Every structure is written in structure tokens, then in C-alpha cells.
Amino acid sequence: MDATVCVRGASGTRRIPVASLHRPPGHRPELDTVLEHGELITAVELPALPMAARSRYRKVGDRASFSFALVSVAVAVDPDGDRIGDVRIAFGGLATTPWRARRAEDFLRGAPATADRFAAAAFEELATARAVRANAYEVGLARDVLVATLRDLWDNVDDGAPRA
């Protein structure tokens, strides 16, 4: 959602775009972020997006006692009548880093807000996802969670526009 992470350490304070906070997996798995030794996250700043008033977060896990998400999705929309004016989508739990769903956002922006379009956007975003055998089901689960979240959010948008 274009957040910024504020950190403080021995060298002072700095701000890191959340998209740059995590490192991709490699030969040093203990270095999963760009934080320096002794740095502490002190705040997470989210931009004041008007569309944040129309947002949803959904988390799916194996069991109620398990706090780690198999799939989570955050969605915010800015309606334009029966179309999506703007949208932000982010997945969690699918990869080693948070996943901003920019292909789905581009596919939905300016388009009619229909269940078919939501499903097509989810397919477009996850078409190139590479799963390992043990978690291959998560790609389909992510599609379903995104579509359900978009439908729920759109069905509850309060702007006076008719719903498809």
C-alpha cells in the first residue's frame, strides 16, 4: 500500500519504502531484511489514501491457533460509478516478501467491477506464480481469497452507485 518503515539505530534514523525492506532469498537466509545490526523499526507510515476508507483485509490460515497466514490480502478501492477508479492490492504469506499485486491493479483500474473481472484479475496476477509441491494449493487459494475480498468490498462500497 506504498507504506514506509521508519527505523532507528546507532547511525540515526532512516526511512525505507516497505517494498525495499525485505531481501530476496539467497545464500544468507538470516539476512531477510535490509535492517542494519541494532536497528529497530519505530513506525510504519501509510500514505493518507482516500480509498483506504474502502478497504478490506482477509487472512486465511491452517487453524485458528496458527498465527501465520497461508494467504492474506489487503485491498482498497476507489469506485467510479460501476467501475473501479483506482485500486491497491497486496498479498502476504505467498512468498518470502510481501507481494504487491500490480498486474491485478492495472487489470482492474478503470474496468467494470464485476465478479468475472475480479476473477480475471486474480488469474492475471497469479499466472506466473511458481509454487513448490508442498504449497502448490496456495496459488488457487490466493485467487479465491482475492476474488472473495474484492466481491465483499465492492458489495459494501457506500457511494450510491449501483452494483453489478
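On a predicted model such as this, the values are computed, not experimentally measured, just so you know.
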Chemist: Is there a chain of hydrophobic side chains (I, L, V, M, F, W, Y, each step under 4.5 Å between heavy atoms) that links Leu153 to Met51?
Modeler: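 In one cluster with Leu153: Met51, no.
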Chemist: Which value, rounded to the nearest 0.5 Å, describes the distance between Arg56 atom CZ and Asn156 atom CG?
Modeler: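 So the CZ of Arg56 and the CG of Asn156 are separated by 5.0 Å.
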Chemist: Asp152 vs Arg58, test: side-chain contact (heavy atoms from CB on, under 4.5 Å). Steps then yes/no.
Modeler: CA-CA 10 Å; Asp152 176 54; Arg58 184 166 285 162; 3.8 Å; yes
Chemist: Would you mind reporting whether Leu150 and Leu108 have side-chain heavy atoms less than 4.5 Å apart?
Modeler: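 When only atoms from C-beta onward are counted, Leu150 and Leu108 do touch, with a gap below 4.5 Å.
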Chemist: When clusters are formed by joining ILVMFWY residues with side-chain heavy atoms under 4.5 Å apart, either directly or through shared neighbours, do Tyr57 and Leu141 land in the same one?
Modeler: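 Per the 4.5 Å side-chain linkage, Tyr57 and Leu141 are not co-clustered.
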Chemist: Any non-hydrogen side-chain atom of Arg103 less than 4.5 Å from a side-chain atom of Thr128?
Modeler: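 Yes - at least one pair of side-chain heavy atoms lies under 4.5 Å apart.
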Chemist: At their closest point, which heavy atom of Ala142 faces which heavy atom of Val71, and how far apart are they?
Modeler: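 Scanning both residues completely, I find the closest heavy atoms to be CA-CG1, 3.8 Å.
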Chemist: Between CZ of Arg15 and OG1 of Thr42, what distance do you get to the nearest 0.5 Å?
Modeler: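 These two atoms lie 10.0 Å from each other.
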Chemist: Which atom pair, heavy atoms only, marks the closest approach of Asp2 to Arg100?
Modeler: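 That would be OD1-NH1, 2.8 Å.
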Chemist: Do Asp106 and Arg109 sit within salt-bridge range, that is, some charged N less than 4.0 Å from a carboxylate O?
Modeler: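 Judged by the 4.0 Å cut-off on N to carboxylate O distance, Asp106 and Arg109 do form a salt bridge.
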Chemist: Could you tell me whether the side chain of Ile89 reaches within less than 4.5 Å of the side chain of Glu125, counting heavy atoms only?
Modeler: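 A side-chain contact under 4.5 Å is absent here.
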Chemist: Between Leu94 and Leu126, is any pair of side-chain heavy atoms under 4.5 Å apart?
Modeler: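 The answer is yes, as the side chains (C-beta and beyond) meet within the 4.5 Å cut-off.
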Chemist: Please list all pairs passing the ring-ring contact (aromatic ring centres under 6.0 Å, His included) test where one or both residues lie in residues 103-128, with sequence neighbours left out.
Modeler: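 Listed by first then second residue: nothing to list.
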Chemist: Does any part of the side chain of Val87, heavy atoms only, come nearer than 4.5 Å to the side chain of Glu105, both counted from C-beta?
Modeler: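 Yes, close enough: below the 4.5 Å cut-off.
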Chemist: Might you point out which heavy atoms bring Arg54 and Pro79 nearest each other, and give the distance in Å?
Modeler: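 Closest approach of Arg54 to Pro79: CD-CD, 3.4 Å.
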Chemist: Roughly how far apart are Arg143 CZ and Glu138 CD, rounded to 0.5 Å?
Modeler: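 Going from CZ on Arg143 over to CD on Glu138, the span is 13.0 Å.
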Chemist: How close do Gly81 and Trp154 get, counting heavy atoms only, and between which atoms?
Modeler: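 Gly81 and Trp154 have their closest heavy atoms at O-CZ2, 3.7 Å.
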Chemist: Which residue pairs pass the ring-ring contact (aromatic ring centres under 6.0 Å, His included) test when at least one of the two sits in residues 70-98, sequence neighbours left out?
Modeler: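 Listed by first then second residue: Phe91-Trp99.
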Chemist: For a quick test of reading the model, state the closest non-hydrogen atom pair linking Glu39 to Gly9 and the distance between them.
Modeler: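 Between these two residues, the closest heavy atoms are CG-CA, 4.0 Å.
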Chemist: Between the side chain of Arg23 and the main-chain N/O of Thr33, is any donor-acceptor distance below 3.5 Å?
Modeler: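 Side chain of Arg23 to backbone of Thr33: a pair is present.
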Chemist: Is there a side-chain contact between Thr13 and Arg8, using heavy atoms and a 4.5 Å cut-off?
Modeler: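 Sidechains of Arg8 and Thr13: in contact.
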Chemist: What pair of heavy atoms forms the shortest contact from Leu35 to Ile16, and how long is it?
Modeler: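 Heavy-atom minimum between the residues: CD2-CD1, 4.2 Å.
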Chemist: Please answer: with hydrophobic residues joined when any side-chain heavy atoms are less than 4.5 Å apart, are Val75 and Leu49 in the same cluster?
Modeler: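 Each belongs to a different hydrophobic cluster.
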Chemist: What distance do Leu146 atom CG and Arg151 atom CZ have between them, rounded to the nearest 0.5 Å?
Modeler: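 Between atom CG of Leu146 and atom CZ of Arg151 there are 12.5 Å.
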